[in-house]
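We number each residue from 1, following the sequence as shown.
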Amino acid sequence: MSGGGCSVRAIWILTPNDTVAFSRRFAVVEKRWRAAWEAEEGDGEGDRRGSGAAPTPLPADHEVAAAFAERRRREGTARGSGIRTNVSSVGLDSWVDDPITRHIISLHMDKEEGDGFMLWPVVLQKRGGYYVLVLPLVDPQPFRAYENLLKRSDCGSSAKENGNLSSILFNLPCITGAFMVAHVVGDIITGDIAEPEVIVSSGPSVGGLLDSLTGSIGISARAKPIAAPVAAPTASLSSPVGAAQSDSLKGGVRPFDKDLLRNFIIGAMPFGTPQDLNYANVTSIRTTGFSGDPLPIDQKQPAWKPYLYKGRQRILFSSLETINAALYDRDDVPDFLSVSGQVTCRAELEGLPDVSLPLTGLKTAHVEVSSFHHCVQASEPTANKQTLVFQPPLGNFVLMHYQAPCNIAPPVKGFYQLSMVSENEGAFLFKLTLMEGYKSPFIMDFCMITMPFPRRRVASYDGNPSIGTVSMTEHSIEWRIVSSGRGLSGRSIEATFPGTVKFLPRTVQRINSSFRSVSSTGYTEDSDSEQDNVKNGASLDDCIMEKINKDLQAVDLEEPLSWQAYNYAKVSFKITGGTLSGLTIDTKSVNIYPSVKAPAEYSMQASSGDYILWNTLGKCPTAALPREL
């Protein structure tokens with residue numbers, strides 16, 4: 001029944017206050033589920049109503065909310081730990097002792113008459129403060145198998161054991177489909193439904209010598225994102241969904257457009273079976289309908305292209321890379337650099353053509369492709385080449401994701417030093433080199449250095465950088481070396497910034513922080529961390545780090561500002577005109593069949609992710625990069 005695809009019995013969206021904000025049930029799928037259970041009982045399996053697994057109707061919304069609140073109370077948090085502890089008991093997800101139970105949970109419905117039952121598997125995702133629950137259709141056999149895991153006395157299971165949770169889920173493709181449904185529903189809730197960017201460089205308006213001169217002084221053609229040629233939905237893609245509603249936060253979360261979500265579900269998964277979860281496609285079909293143009297003979301229109309394009313033909317490619325780095329400037333600690341990237345595409349081509357794109361230099365650049373778009377047929381890599389053949393969908397889409405080392409020098413390198421001269425004053429020094437070894441057409445659009453002091457409040461600073469401007473916030477100092485609109489191209493620069501920073505006394509800081517914490521949250525330390533963090537508008541990781549920091553012991557005067565992971569400066573920049581991995585696309589090698597006159601354009605952009613300069617005078621943890629706080 002469930003082995004051939006994905007069907008969804010129900011979707012619930014819960015608020016942090018354990019109320020149901022939205023729900024959708026699919027009667028057709030529910031009828032199939034009941035028929036499967038009745039067929040199993042008719043085959044001689046017997047009545048299992050005593051086990052709580054009999055075909056019971058889906059619970060009401062308030063029952064689901066109560067079951068979810070009870071699970072959070074018993075597991076400690078909404079997701080739970082996924083590991084059996086001394087507070088775990090038989091029947092809880094944590095009793096299975098598998099971390100995946102933090103994302104695939106069960107809900108136990110307790111009836112007053114004692115005839116309770118369980119919902120499983122329920123896919124859980126937390127987006128925008130809401131909890132998205134998706135219940136897919138599964139056969140009775142895997143349900144029985146999970147019931148047995150909830151009663152096992154032994155802890156954990158071997159990876160090679162057939163009865164473990166992974167082996168059960170491996171045979172349920174509906175789990176993957178349910179995660180996709182939960183993900184796109186979360187995107188609509190948060191308003192993250194814009195298509196991936198495809199960047200094109202603005203062509204030179206005059207050309208020749210004037211362009212060369214303007215480029216040398218930083219006035220260069222800028223890379224601009226372009227929108228996909230699809231019909232716009234009712235709500236703007238550039239603004240959060242539900243912006244037409246009140247912007248006031250209710251219960252710590254922003255309201256979302258329920259009508260928009262309801263219309264998407266109707267078009268994307270009619271009768272509970274997902275057909276096309278691409279928001280742009282579903283919106284285009286709803287707005288303009290399917291294409292009425294006749295298709296070429298022996299060609300089938302794919303689901304990801306609901307209507308055919310008409311107009312000027314061209315194909316655009318963009319390489320968007322993010323570099324993560326930890327630069328120590330020490331002989332005993334090696335620097336760390338890595339690049340993650342994606343190739344985005346937009347094909348404005350009439351009909352249903354096939355596009356052939358050869359990728360070269362993969363082995364030389366040590367590029368590892370992690371995934372392709374589902375429309376791509378990739379050949380086996382041979383030597384230093386791999387060919388991609390695809391029938392592109394409408395609009396912007398991600399052609400492939402990849403990982404690679406940084407095959408050229410770091411765009412920003414140097415050292416950062418920070419030491420304390422008193423309890424409330426520190427001296428710092430930056431000496432940096434930007435874009436050394438980078439030639440045209442590489443352009444650094446902007447570059448900024450941030451010194452974070454999350455445990456101290458900045459009172460003032462003193463110092464003049466050799467280039468750029470400096471600003472101050474409550475917990476940081478920001479040094480803008482290259483400003484937007486005045487790019488750095490064709491040359492490298494050296495930048496220094498010596499100075500001092502003064503902090504407010506600790507007593508004042510503690511009083512203000514305590515008052516701000518109590519007045520803004522109103523929660524005690526023992527309350528649910530995930531709920532607290534929704535109230536404060538922060539992420540779960542930030543909340544955990546905050547609680548860890550409250551238990552930190554006082555440090556010596558040598559390092560009162562930070563505790564290991566805070567002892568750094570963060571670099572932010574954007575570079576256009578090239579890639580840091582060395583992966584490029586030769587537009588002359590792009591072939592389109594049937595042959596059409598369509599120019600191919602290619603643009604490249606790289607930006608910083610976690611790009612860190614560690615304080616050379618302090619401790620340098622090398623276990624992992626810090627997360628932005």
> Taking it one step at a time, do Leu149 and Asp98 satisfy side-chain contact (heavy atoms from CB on, under 4.5 Å)?
Replying inline: CA-CA 10 Å; Leu149 290 181; Asp98 193 319; over 6 Å; no

Output yes when a side-chain donor or acceptor of [X] lies under 3.5 Å from a complementary backbone atom of [Y], and no otherwise.
X	Y	result
Asp354	Tyr593	no
Ser88	Trp95	no
Gln386	Ser379	yes
Asn17	Thr19	no
Asn407	Ala365	yes
Asn396	Pro196	yes
Arg152	Val96	no
Glu321	Leu580	yes
His108	Gly91	yes
Glu75	Ser94	yes

So how far is it from [X] [atom1] to [Y] [atom2], rounded to the nearest 0.5 Å?
X	Y	atom1	atom2	answer
Asp97	Leu92	CG	CG	12.5 Å
Asp139	Arg144	CG	CZ	12.0 Å
Ile168	Asn148	CD1	CG	8.0 Å
Thr360	Leu583	OG1	CG	8.0 Å
Glu30	Arg25	CD	CZ	9.0 Å
Gln275	Met269	CD	CE	9.5 Å

For [X] against [Y], the heavy-atom pair lying closest together:
X	Y	result
Ile11	Val8	CG1-CG1, 3.9 Å
Arg102	Gly80	NE-O, 2.8 Å
Tyr402	Ser370	N-OG, 3.9 Å
Phe372	Ala378	CE1-CB, 3.7 Å
Trp12	Leu119	CH2-CD1, 4.0 Å
Ala178	Val123	CB-CG2, 3.6 Å

Less than 4.5 Å apart, any side-chain heavy atom of [X] and any of [Y]?
X	Y	value
Pro392	Cys375	no
Leu137	Cys174	no
His401	Ser340	no
Val134	Phe179	no
Phe317	Val590	yes
Met180	Pro274	no
Arg72	Asp18	yes
Pro142	Leu172	yes

> What about the rings of Phe256 and Tyr130, do their centers lie closer together than 6.0 Å?
Replying inline: yes

>> Aromatic contact between Phe143 and Trp33, with the criterion being ring centroids under 6.0 Å apart: yes or no?
In response: no

> Salt bridge check: are Arg79 and Asp93 linked by an N-O gap of less than 4.0 Å?
Replying inline: no

>> As a quick check of understanding, evaluate side-chain contact (heavy atoms from CB on, under 4.5 Å) for Ser319 and Thr584, giving each step before the final call.
In response: CA-CA 8 Å; Ser319 290; Thr584 59; over 6 Å; no

> For Tyr279 and Asp192, does a side-chain donor sit closer than 3.5 Å to a side-chain acceptor?
Replying inline: no

> When you check the side-chain N and O atoms of Asn164 and Ser167, is any donor under 3.5 Å from an acceptor?
Replying inline: yes

> Between Phe68 and Leu124, is a side-chain contact (heavy atoms from CB on, under 4.5 Å) present by the stated rule, with each step listed?
Replying inline: CA-CA 11 Å; Phe68 186 76; Leu124 167 65; 4.2 Å; yes

>> Restricting to side-chain contact (heavy atoms from CB on, under 4.5 Å), what partner residues turn up for Glu368, sequence neighbours left out?
In response: none

> Using the ring of each side chain (for Trp, its six-membered ring), is Trp120 parallel, tilted or perpendicular to Tyr146, with breaks at 30° and 60°?
Replying inline: parallel

> Do Ile105 and Leu107 pass the side-chain contact (heavy atoms from CB on, under 4.5 Å) test, and can you show the C-alpha distance, the side-chain angles, and the key distance before you say yes or no?
Replying inline: CA-CA 7 Å; Ile105 68 173; Leu107 294 179; 4.1 Å; yes

